[in-house]
Every structure is written in structure tokens, then in C-alpha cells.
Amino acid sequence: IITTMKSVKLDEHQFQEYLSAEVIADKVAVLGAKINNDYTSNDPPIVIALLNGAFIFAADLCRQFDFECQLQLLRVSSYKGMESTGKVKIDHDAEPDMNNRHVIIVEDIVDTGNTLAAYLPTLKAKGAKSVKVCTLLLKPEAVQHDLELEYVGFEIPNKFVIGYGLDYNGRGRNLGAIYSIVANK
Ligand code: 5GP
């Protein structure tokens, strides 16, 4: 894969560039500025990025912050192929101590919302002062839960996307842009 291609084919699936690397970088800067505005160095948030998909977004986002933060990568999984399984696995052992801390959950994409709907309620017992969500992408037509999403990069149509951390069966994560599926054959 060449990371600057306008279209990509994985198996029989054709994907076309939807959000360029430049457009993504601009949005990450806007989100970072908003977050900088909302937190201070005296009381910085713990940032929990949900793996695997959010690793690239989290890496770019946290380097916008003008406060010192703790970044924790947390494995959650719900997808196989192109459909959400509805079952969410969370590696609670890897969670940092959130007692009396502000927390930001970083997601690559909110699709059905199953992941956050399963994960966010578990944070109530951890003593966090506040919990906010920052997601790069949101599919408003797909969401099945009433979720409060403080920071949203792009609202996108209900189509499968890859790139910038997002995969198709493990492939395509290293694409610099985000690509949307255009055909199944
Ligand atoms: P949700 O639980 O909101 O349905 O989905 C959350 C996770 O599913 C995301 O973090 C992401 O890993 C995966 N996902 C949802 N939609 C897409 C998509 O269009 N493309 C890819 N590659 N993954 C997706």
C-alpha cells in the first residue's frame, strides 16, 4: 500500500479517499485546541485511547496538548470484518488509576456506539472527576445509544472506512488518509 493513493483495493473491496491527511491534521489541531482550552496543567486529564483503531489518532492528538497528560492505551474489541459483533471485550487490568482525575476517552470512530455504551458505565465506579469522549469520526445514522460525545471530529455517512488507524481485517491502518468503501465487487 502506498499511503498517498487516492483509491485502494483490499480483497474485492474498493475504497476511495474520503478525508485527506491534510484535512485530518487540521481537524486534529482544532480538537487539540478545544481540549487545551478545557483543561489545565494543574489538573490534567488521563487520556485513555481505545485500541486498536485509535492508536494513530491518539498519537497525533496528544502531541497537540499543552499540558502534561498520562496516555494509556486500552484494548477493546468488538469488530470482525465489517460488522460489529455487538460483544465488547475490555482489558480492565490495563486501566490506570482514575480516582479523582479527569478522564478523556479517545475513540477512532463511534459506529453503533456499543463499545462506549459498554465501557463508559464501568468508569462510574472508578472515581473519575469527569469523563469526556473525543472521537475522530461519528456515524450518526448508525448510533444505537444515547451517548454524550464532547469532542467529535467528523460526522460521516454510514459506510465502512479504513485508514489512519482503522483497518479492514487488520489491513489499511497505515494509510495516511481515511478511505470510504465504494463497491463490494
Ligand atoms: P461501535 O462499538 O461504536 O459500533 O464501534 C466501535 C469500533 O468499531 C471502532 O472503534 C472501530 O474499531 C470499529 N469500527 C466501527 N466502524 C468502523 C468502520 O467504518 N471501519 C473500521 N475499520 N472500523 C470500524
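Just so you know, ligand 1 is whichever comes first in the structure, and atom 1 is the first atom listed for that ligand.
Remark: Ser180 OG to Glu17 CD distance equals 11.5 Å, nearest 0.5 Å. In this structure, CD1 on Ile181 lies 8.0 Å from OH on Tyr168, to the nearest 0.5 angstrom.
The distance from ligand 1 to the heavy atoms of Thr115 drops below 4.0 Å at these ligand atoms: 1 (P), 2 (O), 5 (O), 6 (C). Interface of Asn114 with ligand 1, defined as ligand atoms under 4.0 Å from a residue heavy atom, comprises 1 (P), 2 (O), 3 (O). Using a 4.0 Å cut-off to heavy atoms of Glu107, the atoms of ligand 1 that qualify are 10 (O). Within ligand 1, the atoms closer than 4.0 Å to a non-hydrogen atom of Lys139 are 16 (N), 17 (C), 18 (C), 19 (O), numbered from 1 in the order shown. Distances below 4.0 Å separate heavy atoms of Val110 from the following atoms of ligand 1: 3 (O). Taking every heavy atom of Asp108 and a limit of under 4.0 angstrom, the matching atoms of ligand 1 come to 9 (C), 10 (O), 11 (C), 12 (O).
Of the listed residues (Leu19, Ile178, Asn174), just one forms a side chain to side chain contact (heavy atoms under 4.5 Å, CB included) with Tyr164, and that residue is Ile178.
The heavy atom nearest to atom 5 (O) of ligand 1, out of those in Asp111, Leu116, Val143, is found in Asp111. Of the listed residues (Val76, Leu166, Val161), the one carrying the non-hydrogen atom nearest atom 20 (N) of ligand 1 is Val161. Closest heavy-atom approach to atom 22 (N) of ligand 1 within the set Ile162, Asp167, Leu50: this belongs to Asp167.
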Review point. Hey, mind stepping through Gln64 and Ile35 against side-chain contact (heavy atoms from CB on, under 4.5 Å) and telling me if it holds?
Key: CA-CA 9 Å; Gln64 303 288 323; Ile35 291 170; over 6 Å; no
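Under the ring pair (Phe, Tyr, Trp, His ring centres under 6.0 Å) criterion, Tyr119 pairs with no residue, sequence neighbours left out. Lys159 is linked by a salt bridge (Lys or Arg N to Asp or Glu O under 4.0 Å) to nothing, counting only residues two or more places apart in sequence or in another chain.
Under a 4.0 angstrom heavy-atom cut-off, Tyr168 registers as lying outside contact with ligand 1.
Salt-bridge annotation for Asp97 and Lys126: absent, with no side-chain N of the basic residue lying under 4.0 Å from a carboxylate O of the acidic one.
Between the side chains of Tyr151 and Asp38, a donor-acceptor pair is found at a separation under 3.5 Å.
Of all the heavy atoms of Ile109, the ones lying under 4.0 Å from any atom of ligand 1 are found in both the backbone and the side chain.
Checking only distances, Gly113 does come within under 3.5 Å of ligand 1, N or O to N or O.
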